[in-house]
Amino acid sequence: MEQLVAQFGYLAVLAGTFFEGETVPVLAGFAAHQGLLRLDLVMLCAFVGSFTGDQVWFWMGRRYGKAWLGKHPKSAAASARVGRMLDRWGDGFVLVCRFLYGLRTVGLIGIALSSIPPLRFALLNMVSAAVWAVTVGGLGYLFGQAIQGMMGEIKQWEHRILVAAAIAVVVYGLHRLVRARLKRKEAPEDAPPQTPGA
C-alpha cells in the first residue's frame with residue numbers, strides 16, 4: 001500500500017485537483033505527514049492540477065458556455081449570480097471562487113463569459129491556485145499532526161483504558177453470575193415434570 005501511495009500519489013493529486021476537489025490534496029498532505037509523500041511536491045502537484053484545470057474550464061466556458069447554460073437552467077441562474085458577484089467584487093471574486101464550495105465550475109463559466117481578459121484571468125488564477133494548494137495541502141499535513149498528537153495522548157492513557165475495560169468485563173461477568181443464581185433460587189425445586197397433553 002505504501003508503495004502504491006508513493007508511486008501514484010502525485011499523479012492522483014494532479015488528476016484530482018484538475019477535475020475539482022479538496023479531498024485528494026488533503027489526503028495527500030496527510031500522507032506527507034506519514035512520510036509517504038513530500039509535502040512540497042504535493043503542494044506543487046495540487047497547484048499545477050488546479051491551475052491547469054481552471055484554465056481548461058475557462059476556455060471551455062468561453063467557447064461553449066452560452067450553449068451549455070442554455071441547456072441547464074439551474075446552472076444558468078447560478079452563472080447569472082456569479083456575474084453579479086463578479087461585477088461587485090471584481091478580481092477579488094476571481095481569487096476566491098475556487099474556495100467557494102459548489103461554485104468552481106459554474107463560477108468559471110460565469111467568469112469566462114464576462115469581459116475579463118484571458119491573461120488577467122491566468123494571472124489571478126495562478127495566485128489563487130498557489131494559495132489554495134498550500135492551504136489544502138497544509139491542512140492535510142496539520143490533520144496528520146493532530147491525529148499523531150491524539151494517538152500520543154491515547155498511548156499515555158492506554159494502561160488506564162485497559163484496566164477500566166478489564167474491570168468492566170469482570171463486573172459484567174459477576175452481574176451475569178449473580179442473576180443466574182437468583183433465577184435458580186426463584187425456580188421451584190420440587191415442581192413435578194409436566195406430562196405431554198397435561
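Smallest separation of non-hydrogen atoms from Thr52 and Val48: OG1-O, 2.6 Å.
With hydrophobic clusters built from ILVMFWY side chains whose heavy atoms lie under 4.5 angstrom apart, Leu37 shares a cluster with Leu44. Tracing side-chain contacts under 4.5 Å through hydrophobic residues (I, L, V, M, F, W, Y), one never reaches Val24 starting from Leu11; they form parts of separate clusters. The same ILVMFWY cluster, assembled from side-chain heavy atoms under 4.5 Å apart, contains both Leu14 and Leu41. Phe99 and Val136 fall within the same hydrophobic cluster, defined by Ile, Leu, Val, Met, Phe, Trp and Tyr side-chain heavy atoms under 4.5 Å apart, directly or through other members. Cluster membership check: Val26 does not share its hydrophobic cluster with Phe18, using side-chain heavy-atom separations under 4.5 Å among Ile, Leu, Val, Met, Phe, Trp and Tyr.
Between Leu39 and His33, every side-chain heavy-atom pair lies at or beyond the 4.5 Å cut-off. Residues Phe47 and Thr17 have side chains not in contact (no heavy-atom distance under 4.5 Å, counting atoms from C-beta outward).
In terms of modelled atom types and a separation under 3.5 Å, the side chain of Tyr10 and the main chain of Arg38 share a donor-acceptor contact.
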Donor-acceptor contacts under 3.5 Å from residues 108-118 side chains, at least two apart:
unit_1 : atom_1 : unit_2 : atom_2 : d
Ser114 : OG     : Ile111 : O      : 2.5
Ser114 : OG     : Ile116 : N      : 3.3

Could you list the donor-acceptor pairs under 3.5 angstrom formed by side chains in residues 123-134, with sequence neighbours left out?
unit_1 : atom_1 : unit_2 : atom_2 : d
Asn125 : OD1    : Arg98  : NH1    : 3.2
Asn125 : OD1    : Arg98  : NH2    : 3.2
Asn125 : ND2    : Phe51  : O      : 3.2
Asn125 : ND2    : Gln55  : OE1    : 2.9
Ser128 : OG     : Leu95  : O      : 2.7
Ser128 : OG     : Arg98  : NH1    : 2.9

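With rounding to the nearest 0.5 Å, the separation of CZ in Phe93 from CZ in Arg84 is 11.0 Å. The distance from the CG atom of Asp54 to the SG atom of Cys97 is 7.5 Å, given to the nearest 0.5 Å.
Relative ring orientation between Phe30 and Phe143 is described as tilted, the plane-to-plane angle lying within the 30° to 60° band.
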